[in-house]
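Reviewing the structure listed below.
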Amino acid sequence: MSKSFALRGIVLLTAAGLSLFGQDEKAYSQWMKDIAAANGQARKALEAKTSKQDVADAGQKLVALFTQVEAFWTQKGAADAIAASKAALAASRELADPKGIGPAQAELGKLNEQCKTCHAAHREKADGGFKIK
């Protein structure tokens, strides 16, 4: 009886862990979509040379999102993704307080390079989208 009880406990804990991982991946997927939208907002504002506030708003969104992304990868222990997240977060902070068009464009470029680096290492095509590898 105790072996059966222990086995059920292991199965339940494993299922709970897989469920949480799935929830993490859903949240992560949404963060990536939100990052793409905020990145586009910053890029369009810089191309149109609109107000600094438009760039700053996008930067603030990116700071919040990359804070979550960094925590996600820290939990997973992926050193390269943690480093990319930190660098993207630093660029996002600069966008949140832009010093001008040129410096903001440079920071957006740095941010995009970090995205490319992490995607190359940790993203793979799946049916209808991407998944974390």
Side-chain angles (χ1 to χ4, degrees):
M1 184 78 157
S2 66
K3 284 183 184 179
S4 175
F5 182 74
L7 182 58
R8 277 188 241 166
I10 291 170
V11 169
L12 286 173
L13 287 174
T14 302
L18 290 174
S19 175
L20 288 176
F21 182 74
Q23 288 175 354
D24 283 351
E25 283 202 16
K26 279 185 180 181
Y28 187 85
S29 177
Q30 186 59 53
W31 299 334
M32 290 297 111
K33 291 173 186 171
D34 293 344
I35 286 169
N39 187 311
Q41 177 186 348
R43 182 181 43 77
K44 287 177 186 175
L46 289 168
E47 286 172 358
K49 298 181 179 163
T50 60
S51 75
K52 283 174 54 173
Q53 190 59 49
D54 292 339
V55 176
D57 290 346
Q60 290 168 2
K61 290 175 190 173
L62 290 164
V63 167
L65 290 161
F66 278 112
T67 298
Q68 293 173 303
V69 170
E70 181 186 353
F72 175 89
W73 287 114
T74 298
Q75 181 183 21
K76 303 252 180 267
D80 61 333
I82 295 167
S85 299
K86 286 180 187 247
L89 183 55
S92 298
R93 285 187 177 120
E94 291 298 319
L95 287 170
D97 185 22
K99 309 294 186 256
I101 298 284
Q105 287 172 325
E107 293 303 324
L108 189 60
K110 289 176 189 177
L111 184 146
N112 287 330
E113 284 304 311
Q114 296 309 313
C115 292
K116 288 177 189 176
T117 298
C118 195
H119 287 183
H122 295 282
R123 183 175 85 156
E124 65 184 4
K125 278 202 176 261
D127 293 334
F130 296 94
K131 71 177 189 170
I132 299 169
K133 45 176 170 170

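Numbers here simply count residues along the sequence, with the first being 1.
- Under the ring-ring contact (aromatic ring centres under 6.0 Å, His included) criterion, the residue pairs touching residues 91-125 are W73-H122, with sequence neighbours excluded.
- The heavy-atom pair separating A84 from C118 by the smallest distance is CB-CB, 4.2 Å.
- Taking CG from L108 and CG from L95, the interatomic distance works out to 5.5 Å, rounded to the nearest 0.5 Å.
- S29 places no side-chain N or O within 3.5 Å of a backbone atom of E25 that could act as its donor or acceptor partner.
- Residues meeting the side-chain contact (heavy atoms from CB on, under 4.5 Å) test with K44, sequence neighbours left out: none.
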Step by step, work out the side-chain contact (heavy atoms from CB on, under 4.5 Å) result for K61 and D34.
CA-CA 8 Å; K61 290 175 190 173; D34 293 344; over 6 Å; no

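- One finds the CD1 atom of I35 at 7.0 Å from the OH atom of Y28 (value rounded to the nearest 0.5 Å).
- For D54 and K52, the salt-bridge test fails: no basic side-chain N is under 4.0 Å from an acidic carboxylate O.
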Any chance you could lay out the side-chain contact (heavy atoms from CB on, under 4.5 Å) test for F130 and E124, step after step, and finish with the verdict?
CA-CA 5 Å; F130 296 94; E124 65 184 4; over 6 Å; no

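- Summarising the geometry, atom CG belonging to L89 is positioned 4.5 Å from atom OG1 belonging to T67; distances are rounded to the nearest 0.5 Å.
- Distance CD/Q60 to CG/L65: 12.0 Å, rounded to 0.5 Å.
- E70 pairs by the salt bridge (Lys or Arg N to Asp or Glu O under 4.0 Å) definition with K86, not counting sequence neighbours.
- For K125, the NZ atom is loosely surrounded, since the number of other residues' heavy atoms within 6.0 Å does not exceed 12.
- To the nearest 0.5 Å, atom CD1 of residue I101 and atom CD of residue Q105 are 6.0 Å apart.
- A salt bridge does not link E113 to K110: none of the charged nitrogens lies less than 4.0 Å from a carboxylate oxygen.
- Of all the heavy atoms in A38 and A58, the pair that sits closest is O-CB, 3.4 Å.
- To the nearest 0.5 Å, atom CG of residue D97 and atom OG of residue S92 are 13.0 Å apart.
- Q75 approaches D24 most closely through the heavy-atom pair OE1-OD2, 3.7 Å.
- The shortest non-hydrogen separation linking V55 to A42 is CG2-O, 4.4 Å.
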Working note: I82 + K76, criterion side-chain contact (heavy atoms from CB on, under 4.5 Å); need CA distance, chi angles, decisive distance, verdict.
CA-CA 9 Å; I82 295 167; K76 303 252 180 267; over 6 Å; no

